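This report refers to the structure that appears directly beneath it.
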Amino acid sequence: MSFARPDAQVRRCNPGKDDSANGMEQTKMREISTSNAAARVHSFFQSLGDRIAAELGEGREAISANLERVAATQLAAFNPSAHITHDDLVDYVLGAETLCKQSDLSSKFAEPPVSLYHGVDFDISALTWLDGTTSIHQHAFCGAFHVLAGSSIHCRYHFEPRQPPEPGQRAFTGRLQLRDLEVLHAGDTRVITRGSELIHSLFHMIRPSVTIVVRTINVDSADEIQYDYRWPGLAHDPFQRHAPTTRKQQYLRMLRLLDEDSALVHLQRVLADADLLLAYLLISEQARISSDPDQARALASMCTALPADERELLFQAAHNDLLSQSVIDLRRKLHNPGHRYLLALLLNVFDRQELLRLVQREFDAADPVDQVMTWIAEMTGNTERFENVIGLDFSNTELTMLAEMFRGSGLQAVLAKFSERYGFEEVTLQQEQLTALFTALKTCALFHHIFVELPDR
């Protein structure tokens, strides 16, 4: 079956008609084009779904064992990115009187999703992304995904638990590590493996980005938990339905609206007996509201039912949530792929040299520091190409110091470079201010991870 776009006929117009007739014809042409797009989308994904179903075999075990391989093979063979566009999906949805059974109708995941094929054992959906980014997560289902449009940064991770979790455990601690990072483009296909073998996240560079997902339904174990992960090493169940936990969250939010000081007293009372999941949820939420790391540390210390190492990890996880949210919020203001790529690296790569290596690899940069500083100059309004969209008021002084820090210079090396450029006496007079600036850049939300090894003295 051919999926070439049958729209050449609607590109012609009759220059002899008047404007009114021309307008009517253009409207009719658009209706024909929309109808063609809707039919093409339906036909394409019906054929893809039927082909996958034919090769899967029957029975729960066969579906679970074969869908990863079959879905990845058929997504690569059909290559939706070569035949279907985002505009086609828009026409398909807006012109539809009926749709197949929809997964995630409330649009909790994606911006928004739409199911294009709903079989007995698997679903095919298109997930559109504008400014959202996925958490670091694993799946309780399996299948494959395919980039239809745009491009995304795909990070994969390894999590080493301190102790093997019990079945159904709501939260546990360990060590989270980045395994690898790749940039996915339209046409790329990847397998989705069930469980902790695939722990990953996606950071979308182009707006919109669209992903086609083929995934199991109805054959997955209800007992399998789809964990989310937080730096530096906390796994938790984001879909838990524990009534006391949920109601405590809701009541504390209500008390916060009535009397913030009183709510804090109640929060401290709850934390004293909280398990790891409840403590994390409450402290992380309060940290994002207050933007106060010191308060987060104090609250973590009140979780006396937990061992000391877990209390420390609670603070680190809540602090990282706060800093990560700052980076994610910035991303909504940035639409340039290079700028979004840098933000994704700052969010996921905690080693300065590795970050620069990835910039050099993806953008073929002769000097990756120069490339990074070009992006930062653009993002802060220091070029004619872009306004200051991230709200950081960087002058030449900040940019010069930041470039030295990206090259691995600690405080004394930075001061020495400034002395070479501006003179020893001038730098001596402003040493206190320059030291404060170095500390501010080293600890700010954007750069705190990659500059942690730079010496302060």
Side-chain angles (χ1 to χ4, degrees), residues 104 106-109 111 131-138 140 159 161-162 165-166 168-174 176 201 225-332 347 445 448:
D104 189 18
S106 59
S107 191
K108 295 178 180 178
F109 194 75
E111 302 170 299
D131 298 313
T133 188
T134 69
S135 62
I136 301 173
H137 62 282
Q138 68 183 55
F159 186 81
R162 291 182 180 175
E166 299 292 331
Q169 189 167 335
R170 294 169 5 123
F172 54 96
T173 63
L176 183 64
S201 67
I225 296 178
Q226 186 166 295
Y227 286 108
D228 268 14
Y229 295 84
R230 296 292 184 268
W231 295 107
L234 175 68
H236 74 97
D237 178 7
F239 304 109
Q240 59 85 28
R241 294 293 182 267
H242 183 243
T245 295
T246 300
R247 288 291 186 242
K248 286 173 183 176
Q249 290 179 279
Q250 293 168 344
Y251 262 66
L252 286 167
R253 289 167 188 157
M254 175 267 290
L255 290 168
R256 192 183 295 120
L257 293 174
L258 292 174
D259 184 339
E260 191 169 347
D261 292 337
S262 174
L264 274 174
V265 174
H266 288 293
L267 173 60
Q268 294 166 13
R269 177 162 63 92
V270 172
L271 288 175
D273 298 317
D275 68 0
L276 182 62
L277 177 62
L278 178 60
Y280 164 70
L281 294 174
L282 296 179
I283 295 172
S284 179
E285 181 173 319
Q286 181 62 31
R288 283 179 276 118
I289 291 170
S290 68
S291 299
D292 184 354
D294 292 335
Q295 184 190 67
R297 183 179 287 280
L299 291 174
S301 70
M302 297 174 186
C303 301
T304 51
L306 301 176
D309 61 338
E310 290 190 0
R311 295 198 297 269
E312 175 60 24
L313 189 141
L314 275 176
F315 162 69
Q316 293 175 0
H319 188 209
N320 274 291
D321 285 352
L322 175 60
L323 296 171
S324 297
Q325 190 59 52
S326 299
V327 177
I328 293 170
D329 289 343
L330 287 178
R331 165 214 158 118
R332 295 186 175 93
L347 191 63
H448 71 290

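Here, residue 1 is the first one in the sequence, and each next residue gets the next number. Predicted model, so just to flag it, every value in this text is computed and none were measured.
The heavy-atom pair separating V327 from A445 by the smallest distance is CG2-O, 4.1 Å. Across L314 and A279, no two heavy atoms sit closer than the pair CD1-CB, 3.7 Å. Residues L313 and G233 come closest through the heavy atom pair CD1-O, 3.4 Å. The two residues A298 and S301 make their nearest non-hydrogen contact at O-OG, 2.5 Å. In terms of heavy atoms, Q226 sits closest to A140 at OE1-N, 3.0 Å.
Classification of R256 and E285 as a salt-bridged pair holds, one side-chain N sitting under 4.0 Å from a carboxylate O. Using a cutoff of 4.0 Å between basic side-chain nitrogens and carboxylate oxygens, R230 and D321 are scored as salt-bridged.
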### Task
Could you give me the CA-CA distance, side-chain angles and deciding distance for R247 and Q250, then say whether side-chain hydrogen bond (donor to acceptor under 3.5 Å, both in side chains) is met?
CA-CA 5 Å; R247 288 291 186 242; Q250 293 168 344; 2.6 Å; yes

### Task
Before giving the answer on side chain to side chain contact (heavy atoms under 4.5 Å, CB included), spell out for I283 and F315 the whole-Å C-alpha distance, their side-chain angles and the decisive distance to 0.1 Å.
CA-CA 8 Å; I283 295 172; F315 162 69; over 6 Å; no

### Message
Using side chain to side chain contact (heavy atoms under 4.5 Å, CB included), reason through L278 and H242 one step at a time and then give a plain yes or no.
### Response
CA-CA 10 Å; L278 178 60; H242 183 243; over 6 Å; no

### Message
Using side chain to side chain contact (heavy atoms under 4.5 Å, CB included), reason through S291 and L322 one step at a time and then give a plain yes or no.
### Response
CA-CA 7 Å; S291 299; L322 175 60; 4.1 Å; yes

#### Entry: Residue pair M302, V270: steps toward the side chain to side chain contact (heavy atoms under 4.5 Å, CB included) verdict
CA-CA 9 Å; M302 297 174 186; V270 172; over 6 Å; no

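Q169 has its side chain within reach of Y227: a pair of non-hydrogen atoms, C-beta onward, lies under 4.5 Å apart. The closest side-chain heavy-atom distance from Q240 to T246 is below 4.5 Å. When side chains are defined from C-beta on, T133 does not count as touching S201, because their heavy atoms never get closer than 4.5 Å. Residues F172 and E166 fail the side-chain proximity criterion, which asks for heavy atoms closer than 4.5 Å. Contact of the R170 side chain with the T245 side chain is registered, since non-hydrogen atoms from C-beta on lie closer than 4.5 Å.
Between R253 atom CZ and K248 atom NZ the span is 14.0 Å, to the nearest 0.5 Å. Here the CZ-CG distance, from F159 to L234, works out to 7.0 Å after rounding to the nearest 0.5 Å. Rounding to the nearest 0.5 Å places OG of S284 at 9.5 Å from CG of L282. To the nearest 0.5 Å, the span separating OG on S135 from CZ on F109 amounts to 7.0 Å. Rounding to the nearest 0.5 Å gives a distance of 8.5 Å between CG of D228 and CG of D237. The line from CD of E312 to OG1 of T173 is 12.5 Å long, rounded to the nearest 0.5 Å.
Between the Q138 side chain and the Y229 main chain, no donor and acceptor come within less than 3.5 Å of each other.
With 3.5 Å as the limit, one finds a donor-acceptor pair spanning the side chains of Q325 and D329.
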Identify each donor-acceptor pair in which a side-chain atom of residues 260-268 lies under 3.5 Å from a protein atom, sequence neighbours left out, and give them as a table.
from	atom 1	to	atom 2	distance (Å)
H266	ND1	R269	NH2	3.1

